[in-house]
There are 2 protein chains.
Amino acid sequence: MIEVIQDARKHLDAVTLLTAAKERVPSIDRATVYRTIDLLKRLGLIDELDLMHLEGEKHFYEVKSRKDHIHLACFHCGRIEEFSAPLFERLKQEINQEARFRVRVARMEVGGTCSTCAEQATALEGEKGKSRAASSS
Amino acid sequence: MIEVIQDARKHLDAVTLLTAAKERVPSIDRATVYRTIDLLKRLGLIDELDLMHLEGEKHFYEVKSRKDHIHLACFHCGRIEEFSAPLFERLKQEINQEARFRVRVARMEVGGTCSTCAEQATALEGEKGKSRAASSS
DNA sequence: ATAACTGCAAATCTTTTGCTTACAG
DNA sequence: CTGTAAGCAAAAGATTTGCAGTTAT
């Protein structure tokens, strides 16, 4: 089961995970998937993500890596980027020290506009701008 | 409606929000609450939180403040602490620059052990073994 | 026999939607 | 009128639970 998550190229939600798992064990049930997810979560083997609820309220899962990364969710194209930063690690340390809070899991999710979509938007504005400029939203 | 969220001393989930709103407008319905939440979210007036799903899968809401803060959720006592750090702001800037990702909302949630619970755990360990060391408070 | 795991079905919880009425512009 | 907002009821989506049958210890 954790293999399924590991093998996945993208973040899986429970239903997709169920479908994927069925390819290996056709008889597998929803309940088993959820129970296993819960187990893996408690064991700290996987992380649970929300990905800014771009696709509804479901959760997504990924195998926990040594280095946490931030998920950047583009509101326009829905793509999820991952971003690692030393600053993030430092921030966690700071929380440990300044708030005296022992960090076990840290999740940072960001929503906004990815570079591709930003460029497209800029390009579009440019086209329209030929005829008429200056409409501040 | 946003007043209800503003007045709240703690983070509210939709059901609690509904109850609170009913005190002002008894006829109010779930649907209205959810529709309003959705509106306020889109207007960027409130932020949606998960608080590490300490209490199930519901979402919590708080009025958006100028300065984002990080939510620290204690797995032991369930308390939610807020933590602001310049480092967090810098991290967002870094995302803007290095990933060329235009950040609109950033959410960071941390799960772990708060200082109080950590002290209690230490105290317990101390009892089992040797004498306690001085603890800060 | 015991304990852990699984499938199946039903239940629960949270959020969304369709329809209808009320009301303001 | 016409479009927006609200109530109500039902639906939908995601996750959990109770129960019973299997399998390994």
Checklist entry - Can you tell which of B/Ile37, B/Leu12, B/Leu45, B/Thr16 makes a side-chain contact (heavy atoms from CB on, under 4.5 Å) with B/Tyr61? => result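 Going through the options one by one, the only one that passes is B/Ile37.
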Taking atom types as modelled, is there a side-chain donor on [X] or [Y] under 3.5 Å from an acceptor on the other?
X: B/Asp29; Y: B/Thr32; value: no
X: A/His76; Y: A/Gln120; value: no
X: A/Glu62; Y: A/His69; value: yes
X: A/Ser115; Y: B/Arg102; value: no

What is the distance, to the nearest angstrom, from the [atom1] atom on [X] to the [atom2] atom on [N]?
X: B/Asp38; N: D/dA5; atom1: CG; atom2: P; value: 13 Å
X: B/Asp29; N: C/dT20; atom1: CG; atom2: C1'; value: 13 Å
X: A/Leu39; N: D/dT15; atom1: CG; atom2: P; value: 17 Å
X: B/Leu18; N: C/dC13; atom1: CG; atom2: P; value: 15 Å
X: B/Leu40; N: D/dA5; atom1: CG; atom2: P; value: 12 Å
X: A/Arg24; N: C/dT6; atom1: CZ; atom2: C1'; value: 18 Å
X: A/His53; N: C/dT15; atom1: NE2; atom2: P; value: 9 Å
X: A/Leu12; N: D/dA14; atom1: CG; atom2: C1'; value: 16 Å

Would you please confirm or rule out a distance under 4.0 Å between OP1 or OP2 of [N] and any side-chain N or O of [X]?
X: B/Thr32; N: D/dG7; answer: yes
X: A/His59; N: D/dA14; answer: no
X: A/Tyr34; N: D/dT16; answer: no

Taking the side chain of [X] as heavy atoms from C-beta outward, which of [options] is closest to it?
X: A/Glu57; options: C/dT17, C/dT16, C/dG7; value: C/dT16
X: A/Arg30; options: C/dG7, D/dT15, D/dA9; value: D/dT15
X: B/Arg35; options: D/dA14, C/dG7, D/dG7; value: D/dG7
X: A/Ala31; options: C/dA9, D/dT15, D/dG7; value: C/dA9

